[in-house]
**Q** 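The structure that follows is given in the form of C-alpha cells.
We number each residue from 1, following the sequence as shown. Here the structure is a predicted model, which is why all the values come from computation and not from measurement. All ligand and atom numbering here is 1-based and tracks the order in the structure.
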Amino acid sequence: MFEEKLKNAKIGLTFDDVLLLPSKTPVEPKDVDISSNITRHIRAKIPILSSPMDTVTEDRMAIALAELGALGIIHRNLTIEEQVNLVKNVKKEESLIIRDLHTVTPDTTIEEAERIMREYKIAGLPVVKDEKLVGILTNRDIRFYRGGKIKVSELMTKNVITAPEGISIEEAIEIMHKNRIEKLPIVKDGKLKGLITAKDILKREKYPNALRDKDGRLMVGAAIGPFDIERAKRLLQAEVDVIVIDTAHAHNENVMKSIKKIRKEVDVDLIAGNIATKEAAEDLIALDVDALRVGIGPGSICTTRVVAGIGVPQLEAISQTSDVAKEYNVPVIADGGIRYSGDIVKALSAGASAVMLGSLLAGTEEAPGREMIIGGRKFKVYRGMGSIAAMQKGISDRYGKLGKGKLVPEGVEAAVPYKGKVEEVIFQLAGGMKSGMGYVGARNVEELWSRGKFIRITGAGLRESHPHDVNIISEAPNYPMS
Ligand SMILES: NC(=O)C1=CN([C@@H]2O[C@H](COP(=O)(O)OP(=O)(O)OC[C@H]3O[C@@H](n4cnc5c(N)ncnc54)[C@H](O)[C@@H]3O)[C@@H](O)[C@H]2O)C=CC1
Ligand SMILES: O=c1[nH]c(=O)c2[nH+]cn([C@@H]3O[C@H](COP(=O)(O)O)[C@@H](O)[C@H]3O)c2[nH]1
Ligand SMILES: [K+]
C-alpha cells in the first residue's frame with residue numbers, strides 16, 4: 001500500500017521546470033492585447049492583482065494599480081473601520097463628479113471664500129442659496145481682489161453653465177471646451193448635486209487603461225477572513241468592487257459553508273482561495289464564486305510547504321484548477337511564486353486568467369512596508385501574513401490555538417530591494433508579457449491558452465536560461481541582482 005502510494009505519486013511541475021516554445025508568428029509584441037478577466041464580470045487591461053498583505057496593499061498601491069489598469073486587494077490585518085476607510089480613499093481618488101463639495105453663499109465675504117480655497121487647495125467654489133445654485137466663484141473672479149469687505153455676490157459669475165445628472169465624460173468635455181470653462185456644476189431641479197472639474201478630466205486622460213467602475217471611479221478589492229461576514233457587509237457599503245475570501249485552505253468544509261452564506265448575503269464579485277487541486281476547484285465553483293485564487297505554498301515568503309509538508313508545484317496547480325474552471329468560465333488567479341515577467345506568461349499559458357503578486361510589488365514606493373538600509377542599499381519590509389510579526393498584529397485564532405498560546409508561523413518576515421514607482425514595475429511586466437506572447441504567436445490571452453506549448457527543461461537548461469559565466473555590471477530593470 002505504501003509503496004503504491006509513492007509509485008502513484010505524480011510529478012508536479014513549476015515555472016523553472018518548463019519554457020514556452022517559440023513558434024512562427026504573425027504577431028508583433030506591440031500589437032498584443034494582454035487584457036483578461038480577473039473575475040467573471042471584471043476584465044482588466046492589465047491582468048495583475050496585488051496580494052492582500054500588510055506590506056503590499058493599502059490605498060496607495062490600490063490607486064496606483066487601478067490607474068494603470070490592474071487591481072489592488074486591500075489586506076485584512078486591520079480593523080473593519082480602518083479597512084473601510086482605505087477602500088473609500090480609493091473610491092474618492094478619481095471620481096468624475098465630486099460629491100462632497102465645499103460651497104459658499106452670496107453673503108460669504110470674499111476674504112472667507114479665499115481662505116476656503118487656500119485651505120482645501122481648490123480653485124473654485126459653487127455659490128449656493130437655499131440649496132439652489134446661484135453662482136460660481138473661481139480664481140479668475142478674484143484674481144485682482146486686493147482686500148476689503150466685499151461679498152461673494154459682487155464678484156461671482158452669475159450665469160453658470162451647468163449639466164444634468166448622468167452626463168457622459170465626452171459630453172462634459174464638449175461643454176467645457178465650447179464655453180472655455182474649467183468647472184461644470186451638476187444640477188437637478190436647480191439644486192447643486194456635484195461638480196466636474198477639468199483637472200479630474202485631465203487625470204482620466206492620463207490613465208486611459210484605468211480599471212474603473214460604472215461611475216468612473218477606480219476599482220478596488222478587499223480581503224476578509226472566511227468567517228467575517230460583518231466585514232464583508234461593511235466593505236460592500238463602502239462600495240468595494242471585489243471581495244477576496246482569504247484563507248490558506250479554502251477547501252475546508254467550514255470555510256465552504258461560510259462562503260455559501262457570504263455568497264447569499266453579499267452581492268459583489270467574490271474571489272475565493274487558496275486552493276491547488278481539481279477537486280477544490282469543483283467544490284468552490286459549485287458555491288458560485290467569481291474567481292479562484294490558486295496557490296498553496298509557492299509564495300516567496302511562504303513556509304507552508306516546509307512547515308506543513310503540503311502544497312502543489314504552482315504550474316501544476318494552475319493547470320489542474322484551470323481545466324475545471326474553463327468549463328464553467330471562471331477565471332483562475334495564479335497566486336504566489338512569480339519572480340519574473342516570464343513566469344506570468346507561463347502561468348497564463350497553463351490556464352490562468354490573471355496573476356497575483358506579492359514580492360514583485362512589495363519593494364515599490366506605493367507599498368506600505370517600512371523602508372530600511374542594508375549595506376548601503378534601500379530595502380522594504382515584506383512579510384508573510386502567516387509570519388509571527390503579521391500574526392502578532394492580527395492575532396490569528398488558528399495559529400494561536402495550535403501552539404497553546406504560542407504561534408506556529410507559516411511565513412517569514414523579509415526585506416526586498418526598493419524598486420521605485422509601481423508604474424515602472426508594471427511597465428516591465430506588461431512588456432515582458434507582450435514579448436512572450438509575441439514569440440508564441442498569441443494576440444491575446446485566450447490565444448495564449450491554446451497556442452502556448454511547454455517544453456520541460458533540466459537543471460542544465462535552467463542554468464543556461466539565466467545570465468551565466470559573466471559578472472553583471474549594471475542591473476536591468478526586469479532582472480534584479482539579489
Ligand atoms: N497561499 C498560501 O499558501 C498561504 C497563505 N497564507 C496567508 O496567510 C494568511 C492567514 O491565513 P489563514 O491561516 O488561512 O487565516 P486564518 O488564520 O484567518 O484562518 C482562516 C481559516 O482557514 C481555514 N484553514 C486555514 N489553514 C488551515 C489548515 N491548515 N487546515 C485546515 N483549515 C485551515 C480554517 O478554517 C481557518 O479558521 C492569509 O492571508 C493567507 O492568504 C497562509 C498560509 C499559506
Ligand atoms: O504560506 C504562506 N504563508 C504566509 O505567511 C503567506 N502570506 C502570504 N502568502 C501567500 O503568498 C502570496 C505572495 O507570494 P509572492 O511573494 O511569491 O508573490 C500571497 O498572495 C499569499 O497567497 C503566504 N503563504
Ligand atoms: K515558498
Side-chain angles (χ1 to χ4, degrees), residues 14-16 48-57 61 71-78 221-228 231 244-259 271-277 280 292-314 317-318 333-340 343-344 347 354-364 367 369 380-403 407-416 425 429:
T14 194
F15 301 116
D16 276 354
I48 290 176
L49 298 89
S50 63
S51 293
M53 300 172 71
D54 62 9
T55 47
V56 179
T57 316
M61 177 65 75
L71 184 71
I73 311 289
I74 311 254
H75 70 91
R76 63 174 165 105
N77 214 14
L78 27 61
I224 62 166
F227 308 108
D228 205 349
R231 190 179 283 263
V244 173
I245 299 169
D246 172 40
T247 141
H249 190 31
H251 204 200
N252 167 317
E253 292 184 18
N254 291 320
V255 168
M256 289 196 294
K257 256 186 230 156
S258 181
I259 294 178
I271 299 175
N274 280 24
I275 58 163
T277 63
L292 301 173
R293 184 178 170 204
V294 170
I296 306 269
S300 60
I301 39 49
C302 305
T303 54
T304 294
R305 291 188 186 169
V306 277
V307 169
I310 302 300
V312 178
Q314 184 64 348
I318 296 168
I333 298 165
D335 171 28
I338 288 173
R339 305 146 303 163
Y340 307 103
D343 294 343
I344 303 182
V355 297
M356 182 173 272
L357 306 178
S359 71
L360 279 184
L361 300 176
T364 60
K380 287 190 91 161
V381 170
Y382 175 46
R383 65 189 188 190
M385 293 307 287
S387 67
I388 293 271
M391 282 193 291
Q392 271 166 348
K393 176 154 191 307
I395 303 301
S396 147
D397 280 353
R398 172 168 78 96
Y399 295 101
K401 263 185 236 150
L402 266 182
L407 303 170
V408 180
E410 286 187 22
V412 296
E413 191 173 12
V416 290
V425 173
L429 295 178

**Q** Any nitrogen or oxygen of Thr247, side chain or backbone, less than 3.5 Å from one on ligand 1?
**A** yes

**Q** Would one find an N, O or S atom of Gly299, in either backbone or side chain, under 3.4 Å from the K ion (ligand 3)?
**A** yes

**Q** Among Asp335, Leu49, Val294, Thr304, whose heavy atom sits nearest atom 19 (C) of ligand 2?
**A** Asp335

**Q** One residue to check: Asn274. Relative to ligand 2, which of side chain, backbone, both or neither has a non-hydrogen atom less than 4.0 Å away?
**A** side chain

**Q** Has ligand 2 got any nitrogen or oxygen that is less than 3.5 angstrom from a nitrogen or oxygen of Pro52?
**A** no

**Q** Which one of Asp335, Val294, Ile296, Asn274 has a non-hydrogen atom at the shortest distance from atom 1 (N) of ligand 1?
**A** Asn274

**Q** So which of Pro52, Pro226, Ala223, Gly411 gets nearest to atom 20 (C) of ligand 1, if we judge by its closest heavy atom?
**A** Pro226

**Q** Which of the listed options, His75, Arg293, Met391, holds the heavy atom that is closest to atom 21 (C) of ligand 2?
**A** Arg293

**Q** Any N or O on Gly297 sitting closer than 3.5 Å to an N or O of ligand 1?
**A** yes

**Q** Is there an N/O/S atom in Gly297 at a distance below 3.4 Å from the K ion (ligand 3)?
**A** yes

**Q** Measure from atom 10 (C) of ligand 2 to every heavy atom in Ala248, Gly297, Cys302, Gly299 and give the option owning the shortest one.
**A** Cys302

**Q** Given that the side chain starts at C-beta and the backbone is N, CA, C, O, which of these parts of Arg383 lies under 4.0 Å from ligand 2, counting heavy atoms, or is it both or neither?
**A** neither

**Q** Taking the non-hydrogen atoms of Gly336, is any one of them nearer than 4.0 angstrom to ligand 1?
**A** no

**Q** Below a 4.0 angstrom heavy-atom separation, can you tell me which part of Ser387, side chain or backbone, both or neither, approaches ligand 2?
**A** backbone

**Q** When you check the gap from the basic side-chain N to the acidic O, do Arg76 and Asp246 get nearer than 4.0 Å?
**A** yes

**Q** Does ligand 1 have any atom that is closer than 4.0 Å to a heavy atom of Gly295?
**A** yes

**Q** So for ligand 1, is His249 a polar contact partner (N or O within less than 3.5 Å, distance only)?
**A** no

